[in-house]
S.K.: 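I'd like to ask you about the structure that follows.
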Amino acid sequence: MVILQMEAADRSDAAAQLARRMYDQGRIRNLEVFLEQVNAREHQMATGLPGGIGMPHARSEEVVQTSIAVGITRYGHSIDFGASDGPATVVLLIATPAKAFSEHLEVLATLARSLFRPAFRDSLRRANDAEVISELINSSLVFFDH
């Protein structure tokens, strides 16, 4: 569930594109309801991380299984996720089932730790292959048993 060369009008559009990938893979039951929940979460507090990362996320009854979709923006394009150091060029949408509170927090924390490392962020940006990006994300979650 990776979008290379992503172009999005704003953070809602970016989340919608990534959520559509999840929906198409059967990871989300109701796309509209899930997106309402992602956008409501985004309005509570910006999900931009330092280093050009956007990490919208939501726990939802509509999520079938914990999933991560990744968007790497087209060169020269970025999306404002409210980070203090500027817009995002890597967007990770995280979806977890509503009852999976601790799993949700652990996935967020584990990914954030990896994303704070410049080498990891650069590897994501330079990978021009969806499979490589998936492997990078999955390897960052290796110890996480889900």
Side-chain angles (χ1 to χ4, degrees), residues 1-74 77-117 120-121 123-125 127-146:
M1 295 180 288
V2 175
I3 300 174
L4 299 171
Q5 304 294 317
M6 175 186 256
E7 292 184 45
D10 56 25
R11 64 179 102 177
S12 294
D13 183 31
Q17 290 181 43
L18 294 169
R20 167 58 69 182
R21 294 285 173 108
M22 291 180 176
Y23 179 78
D24 290 345
Q25 292 292 316
R27 306 292 183 96
I28 298 171
R29 285 185 274 272
N30 185 318
L31 182 59
E32 289 178 24
V33 170
F34 176 71
L35 283 171
E36 286 172 12
Q37 293 165 335
V38 169
N39 291 327
R41 170 64 189 85
E42 194 70 32
H43 288 298
Q44 288 175 352
M45 188 168 129
T47 57
L49 298 177
I53 304 297
M55 204 159 74
H57 55 275
R59 288 183 305 115
S60 173
E61 294 289 340
E62 302 306 325
V63 176
V64 175
Q65 72 181 86
T66 297
S67 302
I68 302 166
V70 182
I72 308 295
T73 63
R74 178 181 55 80
H77 190 79
S78 58
I79 304 157
D80 182 12
F81 274 88
S84 60
D85 68 338
T89 56
V90 175
V91 181
L92 294 96
L93 174 63
I94 301 164
T96 49
K99 293 181 173 149
F101 184 73
S102 61
E103 181 176 346
H104 183 75
L105 292 178
E106 191 163 350
V107 168
L108 287 174
T110 302
L111 277 175
R113 274 193 298 275
S114 293
L115 291 164
F116 275 112
R117 294 192 339 260
F120 185 78
R121 293 191 309 263
S123 294
L124 286 174
R125 284 190 190 96
N128 288 320
D129 181 293
E131 190 72 28
V132 171
I133 291 168
S134 294
E135 286 177 21
L136 285 166
I137 296 297
N138 287 334
S139 70
S140 75
L141 299 171
V142 154
F143 77 91
F144 180 69
D145 182 31
H146 61 283

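Remember, predicted model here, so these are calculated numbers, not experimental data.
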S.K.: If you compare all heavy atoms of L4 against all heavy atoms of A127, which two are closest, and at what distance to 0.1 Å?
M.R.: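 It is CD2-O, 4.1 Å.
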
S.K.: Would you compute the distance between atom CD1 of I53 and atom OG1 of T47 and round it to the nearest 0.5 angstrom?
M.R.: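 So the CD1 of I53 and the OG1 of T47 are separated by 11.0 Å.
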
S.K.: If I take atom CG from residue N30 and atom OG from residue S60, how far apart are they, to the nearest 0.5 angstrom?
M.R.: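 Here the interatomic distance stands at 8.5 Å.
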
S.K.: Does E32, at its CD atom, have more than 12 non-hydrogen atoms belonging to other residues, nucleotides or ligands within less than 6.0 Å?
M.R.: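 Open.
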
S.K.: Run the numbers on E103 and T96 for side-chain hydrogen bond (donor to acceptor under 3.5 Å, both in side chains), then give the verdict.
M.R.: CA-CA 8 Å; E103 181 176 346; T96 49; over 6 Å; no

S.K.: Determine whether a donor-acceptor pair (N or O, by modelled atom type, separation under 3.5 Å) exists between the side chain of R121 and the backbone of L115.
M.R.: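 It does hold such a pair.
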
S.K.: Once you round to the nearest 0.5 Å, how far does OG1 of T89 lie from CD1 of I79?
M.R.: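 Answer rounded to 0.5 Å: 9.0 Å.
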
S.K.: Would you give the length of the straight line joining atom CG of N138 to atom CD of E135, rounded to the nearest 0.5 angstrom?
M.R.: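 Atom-to-atom, N138:CG and E135:CD are 8.0 Å apart.
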
S.K.: Test side chain to side chain contact (heavy atoms under 4.5 Å, CB included) on V70 and L18; report intermediate values, then the result.
M.R.: CA-CA 7 Å; V70 182; L18 294 169; 5.6 Å; no

S.K.: Taking atom CD1 of I137 and atom CG of L111, what is their separation to the nearest 0.5 Å?
M.R.: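 The CG atom of L111 is 5.5 Å from CD1 of I137, to the nearest 0.5 Å.
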
S.K.: Tell me, which pairs form a salt bridge (Lys or Arg N to Asp or Glu O under 4.0 Å) where one or both residues lie in residues 38-61, sequence neighbours left out?
M.R.: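 Sorted pair list: R11-E42.
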
S.K.: Applying salt bridge (Lys or Arg N to Asp or Glu O under 4.0 Å) as the test, list every pair that has at least one member in residues 78-93; sequence neighbours left out.
M.R.: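 Matches after skipping sequence neighbours: none remain.
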
S.K.: Examine distances only and state if a side-chain atom of H77 and a backbone atom of M6 form a donor-acceptor pair shorter than 3.5 Å.
M.R.: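 No; zero donor-acceptor contacts below 3.5 Å.
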
S.K.: Within the supplied structure, the quantity of interest is the number of heavy atoms (other residues, nucleotides, ligands) at a distance under 6.0 Å from F101 CZ; does it exceed 12?
M.R.: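 Check fails, neighbour count at 12 or below.
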
S.K.: Looking at Q17 and E7, would you say the former's side chain and the latter's main chain have a donor-acceptor pair under 3.5 Å?
M.R.: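 It does hold such a pair.
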
S.K.: How far does CD of E62 sit from CE of M22, to the nearest 0.5 angstrom?
M.R.: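 E62 atom CD to M22 atom CE measures 13.5 Å (nearest 0.5 Å).
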
S.K.: Where do V2 and S134 come nearest, in terms of heavy atoms and distance?
M.R.: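 Distance-wise, the nearest heavy atoms are CG2-OG, 3.7 Å.
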
S.K.: What heavy-atom pair brings F81 and A46 nearest, and what distance separates the two atoms?
M.R.: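 Of all heavy-atom pairs spanning F81 and A46, the closest is O-CB, 3.3 Å.
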
S.K.: Just checking F120: does its CZ atom have more than 12 heavy atoms from other residues, nucleotides or ligands closer to it than 6.0 angstrom?
M.R.: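 Atom CZ in F120 is packed in, count exceeds 12.
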
S.K.: Return yes if some donor-acceptor pair links the side-chain N/O of T110 with the main-chain N/O of V107 below 3.5 Å, else return no.
M.R.: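 No, because the side chain of T110 does not come within donor-acceptor range (under 3.5 Å) of the backbone of V107.
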
S.K.: Taking all non-hydrogen atoms of both residues into account, name the closest pair between T73 and A88 and its distance.
M.R.: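 The pair with the smallest heavy-atom distance is CG2-O, 4.0 Å.
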
S.K.: Please report the shortest heavy-atom distance between L93 and A15, naming the atom on each side.
M.R.: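 Residues L93 and A15, closest heavy atoms: CD2-O, 3.7 Å.
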
S.K.: If I compare all heavy atoms of S78 with all of P87, which pair ends up nearest, and what's the gap?
M.R.: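 The answer is OG-CG, 3.3 Å.
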
